[in-house]
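A quick write-up on the structure given underneath.
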Amino acid sequence: MNPNDHVAAQQAFDQIQLNSDGKLCHFLTTEGLDRATLMHILDTAETFMGANDQVLKKVPLLRGHTVANLFFENSTRTRSTFELAGQRLSADILNVDIQRSATSKGESLRDTLNNLQAMLCDMFIVRHAESGAAHFIAQHVKPNVTVINAGDGSHAHPTQAMLDMFTIRRLKGDFSQLSVAIVGDIVHSRVARSLIHALKTLRIPDIRAIGPTTLLPDEISELGVTIYRDLSKGLRDVDVVIMLRLQNERMSGALLPSTSEYFRHYGLDNRRLKYAKPDAIVMHPGPTNRGVEIDGAVADGPQSAILKQVTYGIAIRMAVMSITMGNAASGENNK
Amino acid sequence: MSSILLRNGRIIDPATGRDEHADIAIHNGHIATPDSTHKYSQVIDVTGQLVCPGMVDLWARPGSPSIGHCGSIVSETTAAAHGGITTVCIPPDTSPTLDQTATVELIRGLSRKAGTSRVRAYAALTRGLEGSQLSELQTLMTAGCIGASQADTPITDTRILRRAMEYSANFSIPLVLQPCDNWLRGDGSAHEGPVAQRLGLSGIPSSAETVAIAQILELAVHTRARVHFSRLSTGRGVQLIRQAKADGLTVTADTSINHLLLADSALTGYNNHCKLMPPLRSSNDRDELQAALLDGTLDGICSDHRPVSIDAKIAPFDSASYGASSFDSFASQVLLLGEMLNASLSDCLGWVTNRPAQALSLPYGTLAVGAPADICVLNQEAHWTLTEDTMHSKGKNSPWLNTPMQGACTGIVLRGAWVAAPAR
C-alpha cells in the first residue's frame, strides 16, 4: 500500500476490529465504528440490567471460555470490573501478573504474547502504556482470539466511552438534542479521545472541550469539538458535564502551576455547575481527586452520576465481551 | 590500469550543463575524452540509458550493529553501489564513535577492500558525541574525515557549541548539524500535530527544529563557522535558511528523500515504517521542502538510510526503532520527485550529484574531463517492485515495500572499474 494513501490506511486500521462479516470481533477503539455497532453495544448492555438499576448476577454466555487480564499498566478498578463482568458471564478468569513477568526482563511484547497464547486463552483484556498497543496485539493474536482494549497510552479507552454513553442514554434519553462538555486534561486522555469519537458517531450535536492550552491544545478541535478556555462559558446550558482526572505529574513539566490554581479556574463546584442546565448530570471516569478537578459536594451531590457509571461499566463490559466472543467464533478475523 | 568506454548513452552532467548523446571514456580512474583510435579494455553499450555522475549521499548509515545487528559496511555499501550511489557519507555514531583516527581508517579500509561504494565519514564533533569535550578534529580531518557532526545528539550547552564552531572555523572544517532542541523534542515520537493527536502520540513541535536553526545561525554569524544543515523537516526551517543565504551567510542544507515524498498522514494506523527522525511533518512542510529544493534553498537530497532488523519495527509505535532503509529505492524516487516537480533531468540529478558535493567541497559529482570517474548508469525504463527480495540492503524497513518503482541503476564506474548492478 502506498504510504501516502492515508485514507486506505485508516480504512485498514478501522477494519482490524471487524470480522469478514463486518461484525465486531475485537473492541479496540470507538473510532471508525458505525452508529449501528455502538447502539448494539448499548442495547446488549441493557439486556444485562435487571430491576432497580442492578446488573444481572449470572448468565452462561461465556461458560467454558478463558479470559486473560493483561494489565501492563497498574489498575485495580478497571481490572476488577472486567473480572466481575467475566464472572457474571460465567467465564474462567486468568490474571496475568505482567509486572513481575518476563516483560520486565526485556522480553518483547510479541514474544510475551506468543507465550501467553500457548495457554489457550480465548480473550485478552489489555491495558498498556503505549498508544497503539491494543491494535498491535490484535494483529498478532491467533484467529478466533479476541482482544478488548482496557486503555492504550493516550489513544483509546473504548469501554469507558461506551459506559459513559450508556449512562447518558439511561439518564438523558435522546442523544440528538444534547450538549456535552468534557473538562480537563484532554491532551493526555484516552478516555477523552474515545468519548469524542463515540459522541460524534452517536450524533450528539454539541461537543465541547474545556481546559487550559497546556492541557488542551488548539489542534484538538480537529477531532470535532468546540474548545472553550473559560469553564463558566463552556458549561452554559450543557446537559452533561464529564470531568477528567488531573494527574499529579502535570505539575512537573510546567503544564500547570498548582492544583489549587487549576481548581480555581477549571474545577467544578456547585457555583459553576449552575451555569449548566438545572437537570444536567455530572460524570467522571474515576478515580476522582476531590478539590482538584471536582468539589466533594458535587461528586456526592444529586446531579452526580459517578457511582452509576461504575455499575453500568459492568453491564457494558459484559456486552462487549459477549458480542466480540460471539463474532470471533463465527466470522474470520481480519489480519 | 584499465580503460573503459561507455558507448552511446545520454550524458547528463549537471555541473557543466552537459546533456547530449555521446560516448564517455575512463582512463586510470579519471574521465577522459573518448578516443576512436584507442583499444579500450572494456566497452559497455549503454544505449537508451542515462549516464550521470555517481550519486553523492550526504547522510547514510552503513549498517547498525547496535540495532538488531542489521547490515554491515560491506552489505550496505554494496546496496548503495547497486543503487547508483558512489559516495556514501556516514555519521560518527558508529560503534565505536568516530572520534579516533584508528576507527576512521578501519571503516575506510573495510569499504575499499569490499570494492563497493566509497565511504567518507564525518568526525564526531565532541568526544563520544557527549557534547562536552572537542574531538581532535584537525587530526581526524587529516585522517580523511570530510567534516564534523553530532549525529542525532545535538550539543545542548550553547557555550560548548560556540567553542566547537569557533574551533572548526579555525581549521575551515564544515559542520554538518541536524538542528534539534533537545528540550522541545522531549520524548516525542511523531510530529506534533493533528495526526499525532488522533493517534495519542507524544509530539515533537516544529519549533524544536526552528529554535535550533535560529540558534546555530546566530552562532555561525558570530564564529564564521561553515554549517551544513542536515535533514531539515520543516517549512519554517527552510524559510530561515533562505533568509540566511539572502543575508550572505555561508550555509547549506539538505533534506531526506522521504521527507520530500511523505507527510505525517503516512503514520495513519501506526505505520512504524514511517517512523523517522526528524519526524515526517505536515503536508505544508513537505510542500515547502519541495519548493525549497526547486529554488535552490536546499542544496541536495540525502537518503538518510538506516537499516534496522525486522524485529525492531514489530512493536507498538513508541517502542519501534525509527529509520527507513532507502538505498534501494533512492534513484527511482529521485527521478519520480523530479517528474512530480516538473524539474529538468539535469536539475533533478544535480540534487544528488554536484550540488551536495559542492555543499561540502567534495571532489565528486561531475563528469568533467580529468575528474575522478564516479559514474552511474540509469535505466529510466526499468519497471520493478521494491520487495524484500529485490532490496540489496539487509534492512527491509522501507515505507515503500511492495510499491512499484520506475528507474534502476544498471551499473557504476568507481575506482576505474565497471560494476554491473544485478537486475531487479
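So you know, we letter chains A, B, ... as the sequences are listed, proteins then strands, and number each from 1. Side-chain atoms are counted along with the backbone in the values below, which use heavy atoms only and exclude waters and symmetry mates. This structure is a prediction, so every number in the text was calculated from the model and none was measured.
Heavy atoms of A:E31 lying under 4.5 Å from chain B belong exclusively to its side chain. In this structure, no portion of B:L267 lies under 4.5 Å from any heavy atom of chain A.
Side-chain atoms of A:H140 and B:I314, non-hydrogen and from C-beta on, do get closer than 4.5 Å to each other. Within the 4.5 Å cutoff, side-chain heavy atoms of A:P217 are placed close to those of B:Q197. Taking 4.5 Å as the limit, every side-chain heavy atom of B:S319 sits out of range of all side-chain heavy atoms of A:L109.
A pairwise comparison of heavy atoms in B:P399 and A:P3 identifies O-CG, 3.4 Å as the closest pair. Pairing each heavy atom of A:H197 with each of B:R198, the nearest pair is CE1-NH1, 3.4 Å.
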Using atom types as modelled, flag every donor-acceptor pair under 3.5 Å from a side chain in residues 200-208 of chain B to any protein atom, sequence neighbours excluded.
residue, atom, partner, partner atom, Å
B:S202, OG, B:D187, OD1, 3.0

Practice task
Given ring pair (Phe, Tyr, Trp, His ring centres under 6.0 Å), test A:F136 with B:F317 step by step and report yes or no.
Solution key: CA-CA 9 Å; A:F136 175 80; B:F317 192 86; over 10 Å; no
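Ring orientation note: the planes of A:H135 and B:Y270 are tilted relative to one another, at an angle of 30° to 60°.
The environment of B:E339 atom CD is sparse: at most 12 non-hydrogen atoms of other residues, nucleotides or ligands sit within 6.0 angstrom. Counting non-hydrogen atoms of neighbouring residues, nucleotides and ligands closer than 6.0 angstrom, the NZ atom of B:K396 exceeds 12 such neighbours.
Scored by the side-chain hydrogen bond (donor to acceptor under 3.5 Å, both in side chains) test, B:Q290 finds no partners at all (sequence neighbours excluded).
Separating the CG atom in B:L262 from the NE2 atom in A:H6 is a distance of 11.5 Å, to the nearest 0.5 Å. Separating the CD atom in A:Q10 from the OG1 atom in B:T268 is a distance of 6.0 Å, to the nearest 0.5 Å.
No donor-acceptor pair closer than 3.5 Å links the side chain of A:N2 to the backbone N or O of B:T403.
Interface summary for chain A: among B:P404, B:S283, B:G269, B:G186, the most heavy-atom pairs under 4.5 angstrom belong to B:G269.
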